[in-house]
Participant: 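My questions will all concern the structure given below.
Because the structure is a prediction, the values reported are computed rather than measured. Each chain gets a letter, A, B and so on, in the order its sequence line appears, and its residues count up from 1.
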Amino acid sequence: MPEGHTIHRIARAHRRHFAGRPVAVSSPQGRFGAESRVLDGRVLEDVEAAGKHLFYHWADAPSIHVHLGLIGKFRTHREPDLPVPGPQTRLVLAANGIAAHLTGPMTCRLCDPEEVTEVIDSLGPDPLAGDALRSARPVRRFAAALAGRRLPVAAAMLDQGVIAGVGNVYRSEILFLCGIHPLRPAASLTEAEAGEVWATAVHQLRHGVRVGRIVTVEPADVGARSRRAVPEELRLYVYKRAGEPCRRCGTAIAAGPAGGRAAWWCPSCQHG
DNA sequence: TCTTTATGGTGAG
DNA sequence: TCACCCTAAAGAT
């Protein structure tokens with residue numbers, strides 16, 4: 001379930017579990033075998049998250065670059081329940097009585113500092129970066145990227161060069177929260193609208209990191225007392241809710257393609 | 001025991 | 001725009 005919030009949570013957990021100590025590295029599946037032998041037993045210096053990308057930095061060795069893609073998953077196991085990794089497990093990191101098993105990643109490779117920089121330079125601003133609201137630069141970069149595109153704003157929001165870490169759930173939910181129709185041309189958004197989309201992305205993804213899942217509804221809209229008390233099936237306003245009533249106005253939620261993937265919106269709450 | 005689906009991304013045509 | 005990559009769980013038969 002990887003949008004940016006998942007990746008940043010993994011980085012935080014793996015930093016806590018593994019950074020600053022020697023880490024056993026292996027690849028039961030074998031596709032990362034030679035690379036894992038280079039790193040096995042080295043000290044992990046830091047774990048870095050950038051959009052949907054993860055980097056594991058080691059002393060005097062290339063970094064591991066991981067991208068989960070659609071189906072990639074890290075599972076964490078603790079002593080005394082440390083299972084033998086299955087044959088599909090691409091990467092195992094283990095230290096401190098804790099093991100992380102990686103399956104199904106789109107990317108798991110070694111890369112040198114230049115390649116790390118190359119990946120990061122290809123990304124737009126990350127709403128989960130520390131300076132996302134402190135500095136004016138990220139929102140300016142985001143607004144400028146939108147201003148340069150004729151395609152629908154919903155399509156632009158899936159472009160990792162426009163905003164890094166937003167995926168198919170958050171893009172529809174964020175545009176609902178901002179009252180902006182997903183098929184409006186990206187360049188038609190005003191400076192103020194772009195600023196609101198950015199700020200909403202920051203708040204929503206931060207919340208996702210905090211609670212470990214995507215919850216965008218205001219509790220009051222679904223009769224819950226707190227966001228943590230929102231039932232699983234009521235977490236979202238529009239994603240995958242085609243034909244169901246809007247949680248705010250009751251209008252049937254609409255769906256259609258944007259940027260090659262399905263998007264959802266409320267025809268009454270979102271205009272343009 | 002199948003088929004489908006998924007919060008992603010790339011490369012070919 | 002399409003085929004394809006990777007895995008596992010849920011749904012259909």
Participant: Considering just the side-chain nitrogens and oxygens of A/Gln29, establish if one lies under 4.0 Å of OP1 or OP2 belonging to C/dT7.
Facilitator: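 Looking at the OP1 and OP2 atoms of C/dT7, one of them is under 4.0 Å from a side-chain N or O of A/Gln29.
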
Participant: List, one per line, each side-chain donor-acceptor pair under 3.5 Å for residues 251-266 of chain A, sequence neighbours excluded.
Facilitator:
{"unit_1": "A/Thr251", "atom_1": "OG1", "unit_2": "A/Ser268", "atom_2": "OG", "d": "2.7"}
{"unit_1": "A/Trp265", "atom_1": "NE1", "unit_2": "A/His181", "atom_2": "NE2", "d": "3.1"}

Participant: Please state the C1' separation for the pair B/dT7 and C/dT1 - nearest whole angstrom.
Facilitator: 22 Å

Participant: Return yes if some donor-acceptor pair links the side-chain N/O of A/Arg31 with the main-chain N/O of A/Ser27 below 3.5 Å, else return no.
Facilitator: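 Side chain of A/Arg31 to backbone of A/Ser27, a donor-acceptor pair under 3.5 Å: no, none is there.
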
Participant: Quickly work out the A/Arg90 CZ to C/dA8 P distance and round it to whole Å.
Facilitator: 11 Å

Participant: Students often get this wrong, so: under 4.0 angstrom with heavy atoms, is A/Arg31 touching a base, only sugar-phosphate, or nothing?
Facilitator: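 Counting heavy atoms under 4.0 Å across all strands, the contact made by A/Arg31 is with sugar-phosphate only.
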
Participant: Respond yes when some side-chain nitrogen or oxygen of A/His67 is under 4.0 Å from OP1 or OP2 of B/dG9, and no when none is.
Facilitator: yes

Participant: What is the distance, rounded to the nearest whole Å, between atom CG of A/Leu68 and atom C1' of B/dG9?
Facilitator: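 In whole Å, B/dG9 C1' lies 12 Å from A/Leu68 CG.
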
Participant: Using the P atom as the point on both nucleotides, what is the distance between C/dA8 and B/dT10, in whole Å?
Facilitator: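 About 23 Å, rounded to a whole number of Å.
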
Participant: DNA chain B: A/Lys240 or A/Leu158, which has the more 5' nearest nucleotide?
Facilitator: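 The residue mapped nearer the 5' terminus is A/Lys240.
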
Participant: Expressed as a whole number of Å, how far does the P atom of C/dA3 sit from that of B/dT5?
Facilitator: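 It comes out at 15 Å once rounded to the nearest Å.
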
Participant: Just N and O in the side chain of A/Arg261: are any of them under 4.0 Å from OP1 or OP2 of B/dT7?
Facilitator: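 It does, given that an N or O in the side chain of A/Arg261 lies less than 4.0 Å from OP1 or OP2 of B/dT7.
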
Participant: Rounded to whole angstroms, how far apart are CD on A/Glu233 and P on C/dA10?
Facilitator: 16 Å

Participant: Indicate the ring-plane relationship of A/His53 and A/His67, choosing parallel, tilted or perpendicular according to the 30° and 60° boundaries.
Facilitator: perpendicular

Participant: Determine the contact category for A/Arg75: base if any of its heavy atoms lies under 4.0 Å from a base atom, sugar-phosphate if only primed atoms, P, OP1 or OP2 are that close, otherwise nothing.
Facilitator: sugar-phosphate

Participant: Going by heavy atoms closer than 4.0 Å, what residues in residues 99-108 of chain A are next to DNA chain C?
Facilitator: A/Thr103, A/Gly104

Participant: Can you tell me how far P of B/dT7 sits from CE of A/Met157, to the nearest Å?
Facilitator: 16 Å

Participant: Is the phosphate of B/dG8 approached by A/Lys52 (side-chain N or O, under 4.0 Å from OP1 or OP2)?
Facilitator: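 True: A/Lys52 side-chain N/O within range (under 4.0 Å) of B/dG8 OP1/OP2.
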
Participant: Just the rounded figure in Å: distance from P of C/dC5 to CD of A/Gln88.
Facilitator: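 Atom CD in A/Gln88 sits about 15 Å away from atom P in C/dC5.
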
Participant: Identify every side-chain donor-acceptor pair in residues 98-112 of chain A under 3.5 Å, counting partners at least two apart or on other chains, and give the distances.
Facilitator:
{"unit_1": "A/Thr103", "atom_1": "OG1", "unit_2": "A/Arg75", "atom_2": "NH1", "d": "3.3"}
{"unit_1": "A/Arg109", "atom_1": "NE", "unit_2": "A/His65", "atom_2": "ND1", "d": "3.1"}
{"unit_1": "A/Arg109", "atom_1": "NH2", "unit_2": "A/His65", "atom_2": "ND1", "d": "3.4"}
{"unit_1": "A/Asp112", "atom_1": "OD1", "unit_2": "A/Glu114", "atom_2": "N", "d": "3.3"}
{"unit_1": "A/Asp112", "atom_1": "OD1", "unit_2": "A/Glu115", "atom_2": "N", "d": "3.0"}

Participant: How close or far is atom P of B/dT7 from atom CZ of A/Arg235, stated in whole angstroms?
Facilitator: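 After rounding, the gap between these two atoms is 12 Å.
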
Participant: Taking C-beta and beyond as the side chain, do A/Arg12 and A/Val209 meet within less than 4.5 Å on heavy atoms?
Facilitator: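 Counting from C-beta outward, A/Arg12 and A/Val209 do come under 4.5 Å.
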
Participant: Figure out the CD/P separation between A/Glu3 and B/dA6, and round it to whole Å.
Facilitator: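 From A/Glu3 CD to B/dA6 P: 13 Å.
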
Participant: Is it possible for you to say whether A/Val202 and A/Leu177 belong to one hydrophobic cluster, with membership spreading through side-chain heavy-atom contacts below 4.5 Å?
Facilitator: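 Yes, one cluster joins them.
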
Participant: Less than 4.5 Å apart, side chain to side chain, heavy atoms only: is that true for A/His8 and A/Asp126?
Facilitator: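 Yes, their side chains come closer than 4.5 Å.
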
Participant: Tell me which nucleotide among B/dA6, B/dG9, B/dT7 gets nearest to the side chain of A/Ile71.
Facilitator: B/dA6

Participant: Examine distances only and state if a side-chain atom of A/Arg225 and a backbone atom of A/Ala229 form a donor-acceptor pair shorter than 3.5 Å.
Facilitator: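 Absent.
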
Participant: Rounded off to whole Å, could you give me the CG-to-C1' distance for the A/Leu70 and C/dC4 pair?
Facilitator: 13 Å

